[in-house]
Amino acid sequence: MFTQQVDLCRRIIREHFGPIVEKVVTALIGDGRLPLGAVIRKTGLSPQNTRQALAVLIQHSIVTHAESKEGLHIVTFYSVNLKTILRLKRVGLYMGLVDERIGKEGLTIFRTIMANGMMSIASIRSALGIRKNTKANVAASFDVAVNRMVKERFITAATPKDTVTKIDRRMQEEAKLIGELALPPTSKQLMEIRRKLADQEDEAYYSSAIVGIKRAAVDSDSTGRSSKMRVHDGPDGLPVAQGLGIYSNGQSEPEAQLDAVDEKVCFRPYYDRLDVLLRNHQIANYFIDKYNAGAGIVVKSILRITEPQTRTCRDKTSNPVSVFQIIGNIPAEAQLADSVDTGSDMFYKRLQPEDDPMSPGASAEAQRKKRSDAIFALLDVLQSDSSGIVAKVEEQAGGQYRINFERAAAVLRDRALDSLIQEKFGAMHARIVRVLRDKQKLDEKTVSQATMLPIAMCRERLHDLALSGLIDTFDIPRTADRNPSRMFYLWFVNPEKQVRSAMSYIFQGMSNLYQRIDHEMAIRSALVTKTKRKDVIADPSLLTDYERKELKSLLAIKQKLEAALIRLDGMLLITHDINPHSSDLQLLQ
Amino acid sequence: MSGLQTELLRSSKLSKQEPGTPPLFPEYEPTPAVEPSSEERSILKLMEDFRNEMQSSMFFLKLPPTPPDVERYSDRYHVSEDKSKSLKELKTDITLFPEELHSVLTKKRVKKSKKTEDDGEAMLAALQGVKDDDGNSDDDDDDNDAKGNKDGEDGEELGEQEEEEDEEENDYLDAYFDNGEEDDLGDIDDDEGGGDYY
């Protein structure tokens with residue numbers, strides 16, 4: 001945990017839930033696990049307010065609870081999850097993603113669930129005013145949107161296990177298994193028990209069953225509308241609600257097995273899955289920046305195909321994808337011909353008009369061949385890229401490709417850190433870090449030669465970076481007594497330490513931005529209060545010219561500061577959240 | 001030495017900073033702020049809407065506002081905050097919460113007091129009894145009194161139960177109630193040598 005992170009989390013909670021919940025969160029962050037009585041004592045709030053605050057936090061999956069037997073009593077301890085608090089800052093990105101993938105209906109549903117923490121489908125339906133007498137197409141599009149969101153895991157079922165603190169849950173399961181043994185366990189038995197529990201967790205993680213959705217049998221004689229929605233997949237793979245009669249392409253619905261979403265199960269946003277989609281977006285943008293839009297389209301199609309199997313950012317590689325799947329998944333209107341040179345020499349080859357794919361009279365076959373050639377060429381380019389993100393795993397039948405998420409996370413992280421170092425320190429410092437990252441451990445003289453800097457300047461910059469924690473030293477003693485004056489000091493980049501240092505800067509920056517926003521609002525508080533008056537809302541001309549100008553300036557400043565917050569949060573996503581080993585690093589505990 | 005050289009020397013002698021030391025505030029050119037792109041603006045709009053929704057929801061807990069010190073002309077134009085929804089109206093799965101928090105999420109059923117109805121009926125019966133049977137008025141009165149007392153006791157019991165249910169939600173009892181167990185009253189019947197007064 002970082003000191004700056006505590007202040008940032010406090011401000012986020014105050015912005016969304018108010019000062020009472022902020023006090024409770026501050027107490028829990030400061031002291032870790034606390035029972036209800038201790039929270040009341042530390043915060044100085046009334047028991048009623050404290051209980052309400054804890055209920056709000058559990059509803060939004062920010063606090064988890066666990067029961068512990070203390071003597072004759074069973075005491076409930078509460079712990080706060082900082083990662084979930086920081087995710088509240090990313091709500092705009094998540095909503096933009098849902099809007100892009102699912103549409104306006106999905107956005108409305110997602111926003112309702114986000115605002116309420118967790119909600120059942122029946123409650124969402126009543127909150128949005130969808131009743132039995134609502135128009136059939138509105139109800140059907142709602143059903144389709146919900147089904148898609150559950151199937152694509154934008155939302156996931158909230159089970160009682162999710163609200164229990166993970167460490168306590170593991171300890172209870174471990175204690176249960178130890179209790180089944182006749183004698184106290186040996187270290188080997190304990191390791192076996194822990195391995196078994198970890199395997200059970202992995203099995204549950206990789207299970208393809210989606211909680212809250214089940215296949216319902218088709219009953220062709222049923223005339224009444226059941227409480228479960230009836231949705232099935234159309235020919236384009238997207239769900240279609242039963243009752244519409246025809247698909248978008250004019251075909252009629254066949255009788256098939258239908259999926260149903262349980263309306264009584266509570267659903268909450270699945271942040272880990274949404275982070276996967278944001279990561280995929282960043283990977284595609286990397287290739288668009290490095291090459292062109294065509295390369296980005298090919299990478300996007302590979303990522304889209306592998307999305308159903310990718311649960312969270314913990315996965316290190318994707319499943320292999322064949323070339324024909326990639327070709328089939330690229331939209332028909334995507335322009336790929338200009339993206340890459342396929343090697344066909346137009347100067348020596350005189351094409352007939354029907355064979356020239358660029359001519360209006362070209363045959364469909366020629367166009368298809370040209371398109372396939374472009375995709376093959378782009379895949380060759382991506383596979384030979386120095387980043388190693390796209391890897392070819394199979395040569396037969398055109399080849400199979402997979403995405404190495406671990407490499408992608410490292411490449412994106414290095415790019416983000418380089419830009420941070422350049423902004424904060426300067427171009428020379430960034431050059432030194434790039435050289436050290438490429439060449440691993442180097443002494444001062446070699447760094448100076450590699451970066452083409454005078455040795456005095458190089459030494460100064462190396463020490464600046466070391467003080468900030470962005471590079472580290474490795475000592476090689478020359479003598480047995482390890483005399484510091486007779487040691488080789490090699491400079492190198494320690495990625496974990498670099499990430500830790502960068503995160504402290506990011507949290508500090510975000511906290512500063514919040515403070516600045518509060519300050520700008522505070523110095524114009526009288527104006528802001530005036531704009532909320534009933535008479536001013538009804539008649540904006542009551543504001544003077546100066547007040548209107550000030551208000552416009554305030555909105556512009558606030559927009560710039562909030563945009564900076566989004567960018568810093570994006571940097572946090574890249575440096576930490578998409579790293580497959582971030583849970584091992586435990587930097588956000 | 002020329003006049004210019006003398007001046008430069010004088011200025012370097014009079015300056016507080018020694019030559020060769022770095023300046024106290026080195027020159028810093030802030031990088032120009034990048035304007036938000038259209039995509040960022042749309043995300044900001046979504047975040048603003050979400051923030052407003054959260055701040056007007058039942059989850060935004062705030063302390064009651066302090067009463068104004070002076071009455072102001074603009075007070076009549078302030079938008080009065082709608083009575084915020086209580087958490088008891090939240091539709092959620094209660095099994096996800098520990099038992100000690102259930103009290104803030106569930107509505108307690110309050111038993112309706114039948115005191116008024118019984119009292120009214122008892123009074124009617126009593127009046128009718130007085131009107132019809134003047135001869136047996138004593139007996140009727142006794143019966144009605146007994147019934148009325150019984151109803152009164154029942155009503156009082158129900159009232160006490162309601163009070164107990166209300167009292168469970170706060171710790172008023174712990175802070176203020178004293179059931180007198182710790183009082184040392186001595187012998188109440190001891191008149192300490194005084195006589196009886198009629």
Side-chain angles (χ1 to χ4, degrees), chain A residues 15-21 36 46-49 51-56 58-60 65 67 76 78 88-89 91-93 95-96 99 107 111 114-120 122-123 126-127 158-160 162-163 264-266 423 529-530 532-537 559-560 562-564 566-567, chain B residues 30-31 33-37 39-64 72-81 84 86-88 90-106 168-172 174:
Chain A
E15 184 188 29
H16 289 87
F17 300 106
I20 295 176
V21 180
L36 177 64
S46 68
Q48 178 78 351
N49 279 342
R51 285 195 187 96
Q52 284 173 342
L54 286 169
V56 164
I58 292 176
Q59 174 72 10
H60 284 82
H65 59 93
E67 286 181 356
T76 306
Y78 300 93
L88 288 173
K89 222 35 246 164
V91 162
L93 283 173
M95 287 205 243
D99 189 16
L107 176 61
R111 186 155 58 195
M114 280 286 326
N116 287 277
M118 50 180 110
M119 252 181 137
S120 64
S123 306
S126 68
T159 57
D162 296 331
T163 57
K264 290 178 190 159
V265 170
C266 279
E423 280 285 333
T529 312
K530 187 175 176 181
K532 290 180 184 167
R533 276 167 41 173
K534 281 188 271 195
D535 54 341
V536 174
I537 293 170
Q559 199 178 57
K560 276 188 196 162
E562 285 173 352
I566 292 174
R567 288 171 200 153
Chain B
T31 47
V34 178
E35 290 291 329
S37 62
E39 197 184 318
E40 282 173 339
R41 278 201 208 97
S42 64
I43 289 169
L44 287 172
K45 180 81 179 59
L46 288 169
M47 283 178 69
E48 178 76 28
D49 293 342
F50 174 72
R51 196 170 35 237
N52 292 338
E53 199 175 333
M54 288 300 297
Q55 288 176 356
S56 58
S57 71
M58 64 177 87
F59 303 109
F60 194 87
L61 306 178
K62 48 192 174 194
L63 296 164
R72 292 187 171 84
Y73 173 79
S74 60
D75 288 344
R76 70 183 77 176
Y77 294 115
H78 285 306
V79 175
S80 58
E81 290 174 1
S84 56
S86 163
L87 278 176
K88 293 183 197 269
L90 176 65
K91 292 173 191 171
T92 184
D93 187 358
I94 203 79
T95 58
L96 300 173
F97 297 82
E99 277 188 37
E100 59 191 11
L101 300 183
H102 285 187
S103 59
V104 297
L105 294 168
T106 49
E168 276 172 13
E169 291 185 0
N170 57 35
D171 55 355
Y172 177 83
D174 293 333

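Heavy atoms only: backbone and side chains are in, while hydrogens, waters and symmetry mates are out.
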For the interface with chain B, which of [options] has the highest count of heavy-atom pairs at distances below 4.5 Å?
options                               : value
A:Asp162, A:Ile537, A:Asn116          : A:Asn116
A:Ile20, A:Val91, A:Thr163            : A:Ile20
A:His16, A:Met119, A:Lys89            : A:His16
A:Ala115, A:Pro160, A:Gly117, A:Gly96 : A:Ala115

Whatever's closer than 4.5 Å to a heavy atom in chain A on B:Glu99 counts as neither
Bottom line for B:Leu105: the part with an atom under 4.5 Å from chain A's heavy atoms is side chain
Interchain contact, [X] with chain B, by part (heavy-atom threshold 4.5 Å):
X        : value
A:Thr159 : backbone
A:Ala127 : neither
A:Ser120 : neither
A:Leu93  : both

Ranked by heavy-atom pairs below 4.5 Å to chain A, first place among B:Lys91, B:Arg51, B:Glu53, B:Arg41 goes to B:Arg51
With the side chain counted from C-beta on, respond yes when [X] and [Y] share a heavy-atom pair under 4.5 Å apart, and no when they do not.
X        : Y       : result
A:Ile58  : A:Tyr78 : yes
A:Leu88  : A:His60 : no
B:Val104 : B:Phe97 : no
A:Arg567 : B:Val34 : yes
B:Leu46  : A:Asp99 : no

Just wondering, more than 12 heavy atoms not from A:Lys530 lying within 6.0 Å of its NZ?
yes
task = Check the surroundings of atom CD in A:Glu423: do more than 12 heavy atoms from other residues, nucleotides or ligands lie under 6.0 Å from it?
result =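 No, the 6.0 Å shell around CD holds no more than 12 heavy atoms from other groups.
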Could you point out which residue of B:Leu90, B:Ile94, B:Leu87 forms a side-chain contact (heavy atoms from CB on, under 4.5 Å) with B:Thr106?
->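 Only one option passes, and that is B:Ile94.
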